[in-house]
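Reading through the structure tokens given below for one structure.
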Amino acid sequence: MAFPHPILSFLILSSTLLTLSQTTLSATDTHKFSIKEATTSEIQNQFKHNKLTSKQLVKFYLDEIHKLNSIVNGIIEVNPDALYQAHKADKERQAELRGSLSRLHGIPILLKDNISTKDKLNTTAGSFALLGSIVPQDAGVVKKLRKAGAIILGKTNLNEWAGFRSLNAPNGWSARGSQGKRQCFSLGTLQNPYVLSADPCGSSSGSAISVAANMVSVSLGTETDGSILCPSSSNSVVGIKPTVGLTSRSGVIPISPRQDTIGPICRTVTDAVYVLDAIVGFDPKDAKATRKASKFIPHGGAILVDNLNISNVDIILNSTVSGEALALVTEFKLYINAYLEELVTSPVRSLADIIAFNDKVSDLEMIDEFGQEIFLISETTNGFGDVEKQVLKNLKKLSEDGLVKLMKENKLDALVTPGADIAPVLAIGGFPGINVPAGYDTKGVPFGINFGGLKGSEPKLIEIAYSFEQATKIRKPPSFKPYDYKLTI
Ligand SMILES: *[C@@H]1O[C@H](CO)[C@@H](O)[C@H](O)[C@H]1NC(C)=O
Ligand SMILES: *[C@@H]1O[C@H](CO)[C@@H](O)[C@H](O)[C@H]1NC(C)=O
Ligand SMILES: *[C@@H]1O[C@H](CO)[C@@H](O)[C@H](O)[C@H]1NC(C)=O
Ligand SMILES: *[C@@H]1O[C@H](CO)[C@@H](O)[C@H](O)[C@H]1NC(C)=O
């Protein structure tokens, strides 16, 4: 196991959170339960008292998807086996002794469409080029979710190829997800559920939108540079971008194993921690390790250190200058080709095939006018020569001289920044970050706050994010404010 230390620390933190949320639960028990905005703990409580079944829960979400998805387009595919999985979960719950099932047992989850599932669902990164491809097996994180008893409800829409195809395509646009529409900012394509014309950000937009709009309990997204943190910020949900390597990337359509990471997008910090625990392989019954790791939880109040500067931040924030862009296009070709080769069957087997496919599709005048300039640049790369190796060294140095030095010299636990602007700083170092809803602007468009830190600092970040969430309780469900033409014209 590459990261035993942070995993151990999770155990503690989440059992702390469990206690906290159970305390709140008894207080809210008198309220009438509503699936909308329900946390997984509240849902489990309903299960436990035979007031709700997984089947009812899945039916509720299928109805909501039916009603809302034509407006927000967060979901590309619904799992035809979801009700069957729910039925199975209900049977298992009846047969089990109370409390012996995982926290995600019987809970529906949506997955970003670049996370492989070996079932009836397609895995396409939003592209028609991969429609009909057959993956060799479930992604590592999906195996863990199934083991935990979660119900795979479907796949969520995303920036096609996680935005790595072209800079001209708007956030949330994918050929498959746009259902033939050319523009993101028009009804029928992926929309911010708070203000339909507002930027949903990308690339895990569908996951963020779907939990925000209560079309599912919890979801997974992925991030190479900002793809969890930014849509979480823009759609008023909690996203955790884990330290690179904490969650398995196997079976996830890659851009760069140096930066790619899989993480939860949920409505609350506690739910995000539960999902994270399940995908990092957490065993809730490991009481001994839990006790042992308790020393990692910080005590006492926070000291705020203001007005700090990350050295060379201007360079880091410009991916052309930092070299991040060159590293990513070089890595993408290598790893997407490896992914495509492993597929059981696939219409495309290499980046060159995808490019040819997109050219052909454009010729047929299908939903495709954004070009593919990043693909074309990536195709011209040729692995890691001297220049590329130097770029990687430089990125490492920028991280060491930048965030690492700042955090160590000032003895910081977390770096607090508005929105998701900090994403590249975290991305190039493989560092974790958590976004929590922080408010809404005058037009009602959400924004978040980000807590970032060094590798393995998730336990501290989670504690801080949880405190912020509980102190502010600012999140509210979306109202689907109609498209405001004044905003764009
Ligand atoms: C997967 O794609 C195929 C088309 O290749 C389609 O027929 C099928 O319905 C899709 N699966 C789901 C679950 O939507
Ligand atoms: C999908 O997954 C990776 C995580 O491994 C993510 O960082 C990336 O943005 C996504 N890639 C594509 C091509 O969709
Ligand atoms: C950070 O940069 C700003 C603007 O360049 C400057 O005013 C401030 O004094 C710097 N802070 C520190 C701690 O160096
Ligand atoms: C990044 O730097 C390049 C080269 O200096 C410049 O041309 C480009 O406009 C910069 N990009 C952004 C987003 O500032």
Side-chain angles (χ1 to χ4, degrees), residues 58 61-62 65-66 69-70 73-86 108-136 138-139 142 146 151-158 160 163-164 166-168 170-171 174-180 199 201-202 206 210 215-216 225-226 230 253 310 312-329 340 343-348 353-354 357 360-361 364 366-367 373-374 377 387 391 394-395 398 402 419-425 427-428:
V58 166
Y61 287 133
L62 292 177
I65 291 169
H66 187 70
N69 202 43
S70 59
N73 248 287
I75 297 167
I76 292 189
E77 282 189 6
V78 167
N79 189 352
D81 290 333
L83 275 172
Y84 168 74
Q85 284 179 16
I109 186 165
L110 285 169
L111 310 172
K112 187 176 178 182
D113 187 40
N114 65 356
I115 302 174
S116 296
T117 51
K118 184 79 176 166
D119 53 16
K120 291 182 184 147
L121 292 161
N122 298 289
T123 304
T124 69
S127 166
F128 283 113
L130 280 178
L131 192 57
S133 68
I134 296 177
V135 300
D138 278 336
V142 173
R146 290 200 204 272
I151 296 164
I152 310 295
L153 188 62
K155 294 284 175 77
T156 58
N157 201 356
L158 71 173
E160 187 177 314
F164 210 69
S166 163
L167 291 175
N168 301 322
N171 276 325
S174 77
R176 283 195 69 210
S178 72
Q179 301 177 349
D199 187 353
C201 201
S210 301
M215 297 194 287
V216 72
D225 190 337
C230 192
I253 302 175
I310 299 172
N312 289 326
V313 74
D314 292 341
I315 295 179
I316 296 173
L317 292 183
N318 184 323
S319 64
T320 314
V321 180
S322 73
E324 184 192 357
L326 178 60
L328 292 179
V329 289
L340 294 172
L343 293 173
V344 178
T345 62
S346 176
V348 290
D353 287 353
I354 299 172
F357 178 93
K360 209 168 65 195
V361 169
L364 295 174
M366 280 175 66
I367 34 185
E373 84 282 354
I374 304 179
I377 295 169
V387 175
V391 159
N394 189 43
L395 284 173
L398 283 172
D421 293 351
I422 197 73
V425 174
I428 62 165

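Here, residue 1 is the first one in the sequence, and each next residue gets the next number. We count ligands from 1, going down the list as the structure has it; atoms in each ligand are counted the same way. Every value quoted in this text rests on a predicted model; they were computed, and no experiment measured them.
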Determine whether a donor-acceptor pair (N or O, by modelled atom type, separation under 3.5 Å) exists between the side chain of Asn157 and the backbone of Gly126.
no
With no hydrogens and no angle check, is any side-chain donor or acceptor of Asp113 less than 3.5 Å from a backbone partner on Ala125?
yes
Go through the side-chain N and O atoms of Asp199 and Asn171 and say whether any donor and acceptor fall under 3.5 Å apart.
yes
Report each N/O pair between ligand 1 and the protein that falls under 3.5 Å, naming both atoms.
from, atom 1, to, atom 2, distance (Å)
ligand 1, 2 (O), Asn122, OD1, 3.1
ligand 1, 2 (O), Asn122, ND2, 2.3
ligand 1, 11 (N), Lys120, O, 3.3
ligand 1, 11 (N), Asn122, ND2, 3.1
ligand 1, 14 (O), Glu77, OE1, 3.4
ligand 1, 14 (O), Glu77, OE2, 3.4

Relative to ligand 4, is Thr320 under 4.0 angstrom through side chain, backbone, both or neither, heavy atoms considered?
neither
Does a salt bridge link Lys120 with Glu77, judged by any charged N lying under 4.0 Å from a carboxylate O?
no
Would you sort out whether Thr117 and Lys155 count as a side-chain hydrogen bond (donor to acceptor under 3.5 Å, both in side chains), showing the intermediate values?
CA-CA 9 Å; Thr117 51; Lys155 294 284 175 77; 2.9 Å; yes
Could you tell me which residues satisfy side chain to side chain contact (heavy atoms under 4.5 Å, CB included) with Ala423, sequence neighbours excluded, listed by chain and number?
Glu223, Asp225
